[in-house]
Amino acid sequence: MRGKISASLIVLHHLKYLDLSGNNLGGVGVPLPRFLGSLKSLIYLNLSSTNFDGTVTPQLGNLSRLQYLDINSCWNDNANDMQSKDISWLQRLPLLRFLDMSIVNLGAIGNWVQVINMLPNLRALSLRECRLAFTYAPIVHSNLTSLEMVDLSDNGLDTLNPTKWFWHPNTIRHLDLTNNNIVGLLPDAVGNMTSLEVLRLGGNQLSDVKDGLSPCASSTLEFLDLSLTNVSGGIPNWINRWTNLSVLQLSSNRLVGSIPQEIGMLSNLRILYLDDNQFNGYISEEHLANLANLEELDLSYNSLDMNISLSWIPSFNLQTAYFPRCKMGPHFPLWLKGQRDVIFLDISDAGIVDDLLDWFWTVFSNIQYMNISCNKISGRLPRTLEYMSSAQIFDLNSNNLTGILPQLPRHLAELDISKNSLSGPLPQKFEGPFLTDLLLSENHISGTIPSYICQLQLLSVLDLAKNHLVGQLPQCSKESKANKKLLRNNMFSGSIPVELKDLGYLQFLDLAHNRISGSIPDSLATLKAMTQDQDHRQTLENPLYWGYERPGSADTYDLPKYDDSLEAVLKGQYLNYTANIMSMVGLDLSSNNLSGEIPNEITSLVGFDELEHLP
């Protein structure tokens, strides 16, 4: 809903429960209404994600019966910034059990701990991303004897010294200190939290955690997140004593050695992330046989050998299956045949040298993300590909796939099938209104570029290089927003379309080794992405990057979506650009039948890394 909260609500004298969360009721310069403090019968008030701005009204302190208060600013417009320089009004809410003020700026409040300590019935406290100051003096006596849940993530907290704790170790069940500045050893006191069920410490710099988390004291633990904490060493064999553990996230650390088989005794495990470490050795059926509840498994970017027999049938049904750079081949892993619930699949660079079996497309018909790139997988894409209605991203590059490109799923956003052996023409019609990335280079595709390419309004990356395409380039209008067009090494003829000037994101144009004739249009000098220096280009929205969000996580990372290499000719030398491809700017029109002079205006393209106009 959009609009404003009507002051007529104050006539509801007996109103106890008010939930307006998730509605756009604010805007720039629109604070929380002061009259809300007149609803004195309220027990429950939820105004989270309502897009309010400005100072939190202290009139909320008049709601003396309130037990639940949620005014977190998640999903607010970036221009809006709720803040408070004084939260002493909270002391007038003695019955409060739940308090969420996440993403409300509390940076100017030095005594916030002392105020919170005056809420004796508080059970759950969430102050995520509040810019909290941690210069407060230690609490001599904590009144928070009922506090079970604390979320202080994304605040710059730099210590886990127990003298700064304002909670009782024996009552805490959920502790979230994700993305702070905590450095060093995990104190023994953390292991003494005998009721602890959820511990989230990801995004800190912890040198060791095994001593701070003793196997006996942590037997109640259900959720452990130590991802991106720089921890080293190995997984202890006593991990099997954490019998209640359902989520274990150890991603992106410096963990080494083999993965103990004892991890397979965690029968309640639903999510296991061990990716981006330095594990070696093998994963056997014994590691996985008892994990009947497993839904998400990520072993990617280690040096692991999947030592699993072709006849093994797992007891679990995965939704997320990530195994890039795990050795799964040379045969196709047949145990995947029973995983019909998989939504995210990545078996890239897994050493598979085999045919793509018919059951593959049937089993994974509901998939959203599929990556089987960098193997030597043979076979054809099925004619039924278009009926995979959930598919959004397909990365099939660097294999031995043959045949023609069939109709694509309607909701597909990204397709990379470069470096294969596809042949024949492109489809006569193309149902791809959501397509942003289309990479078909280094195949044997023939025929012309269909005009519907110009109708793909969201297309930002197009790569057709090194095929057998002929004819003229399509006359795309200014609605097209492709960022990079690589049409190199084909047999295009005709002239360079003047409409290229309307491609505002175009930063690398390679039309070399074709049969293009005529002159170079003066209008190429107006290509915006080529006229700006690198620093300015990086401040613009770049469709070559995408926000990567791990399933089940709220963290988003900006990563390049187009991470292939780019062969470019620079001063007569063939060079492959990889890491710098995102900022590469160039124009290569060499080895064509162009005539006339190079326009002087071309020198205005200050961003050039490369300019080639050879006969």
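- For Phe323 and Trp335, the distance between ring centers is under 6.0 angstrom.
- Not counting sequence neighbours, Trp89 has no partner by the ring pair (Phe, Tyr, Trp, His ring centres under 6.0 Å) test.
- For the residue pair Asn317 / Arg340, no side-chain donor-acceptor distance below 3.5 Å is found, with atom types taken as modelled.
- Side chains of Asn307 and Ile283 form no contact here, defined as non-hydrogen atoms less than 4.5 Å apart.
- Between the side chain of Asp298 and the main chain of Ser300, a donor-acceptor pair closer than 3.5 Å is present.
- The closest side-chain donor-acceptor pair between Asn204 and Asn180, if any, does not fall under 3.5 angstrom.
- At a threshold of 4.5 Å between non-hydrogen side-chain atoms, the residues Met388 and Ile367 count as touching.
- The main-chain N or O of Cys74 is found under 3.5 Å from a side-chain atom of Asn72 such that the two form a donor-acceptor pair.
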Inset, instruction - Please lay out, stage by stage, how Leu12 and Leu18 fare under the test side chain to side chain contact (heavy atoms under 4.5 Å, CB included). - result: CA-CA 11 Å; Leu12 302 177; Leu18 179 60; over 6 Å; no

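- No option in Arg131, Met82, Met101 other than Met101 meets the side-chain contact (heavy atoms from CB on, under 4.5 Å) test with Leu106.
- Considering only residues two or more places apart in sequence or on other chains, Ser284 meets the side chain to side chain donor-acceptor pair (under 3.5 Å) condition with Glu286, His287.
- For the residue pair Ser227/Ser252, the side-chain donor-acceptor check at 3.5 Å is not satisfied.
- In this model, no donor atom of one side chain and acceptor atom of the other lie less than 3.5 Å apart for Asn161 and Thr159.
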Inset, instruction - Go through the steps to decide whether Arg173 and Glu197 satisfy the test salt bridge (Lys or Arg N to Asp or Glu O under 4.0 Å), and finish with yes or no. - result: CA-CA 5 Å; Arg173 299 170 58 188; Glu197 297 174 1; 3.3 Å; yes

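- Between the side chain of Asn253 and the backbone N or O of Leu255, no donor-acceptor pair lies under 3.5 Å.
- Among residues at least two apart or in separate chains, there is no salt bridge (charged side-chain N to carboxylate O under 4.0 Å, His left out) pair with a member in residues 12-23.
- One finds the CG atom of Leu69 at 5.5 Å from the CG atom of Leu66 (value rounded to the nearest 0.5 Å).
- At least one donor-acceptor pair closer than 3.5 Å links the side chain of Gln339 to the backbone N or O of Leu318.
- Checked against the 6.0 Å centroid criterion, the rings of Tyr369 and Phe394 do not qualify as a close aromatic pair.
- Using modelled atom types and a 3.5 Å distance limit, the side chains of Ser303 and Asn280 yield no donor-acceptor pair.
- For the side-chain contact (heavy atoms from CB on, under 4.5 Å) test with Trp167, the passing option among Leu144, Leu175, Asn117 is Leu175; the others fail.
- Scanning for ring pair (Phe, Tyr, Trp, His ring centres under 6.0 Å) contacts around Phe223 gives an empty result, with sequence neighbours left out.
- Side-chain atoms of Leu20 and Leu25, non-hydrogen and from C-beta on, do get closer than 4.5 Å to each other.
- The side-chain hydrogen bond (donor to acceptor under 3.5 Å, both in side chains) contacts involving residues 54-68 comprise Thr57-Gln59, Asn62-Arg92, where partners must be two or more places apart or lie in separate chains.
- One side chain, Ser309 or Glu285, offers a donor N or O that lies under 3.5 Å from an acceptor on the other.
- Closest approach of Thr50 and Ser21 over heavy atoms only: CG2-CA, 4.1 Å.
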Pairs under 3.5 angstrom only: tabulate donor-acceptor contacts from the side chains of residues 257-269 to other protein residues two or more places apart or in another chain.
residue: Asn268; atom: ND2; partner: Thr243; partner atom: O; Å: 2.9

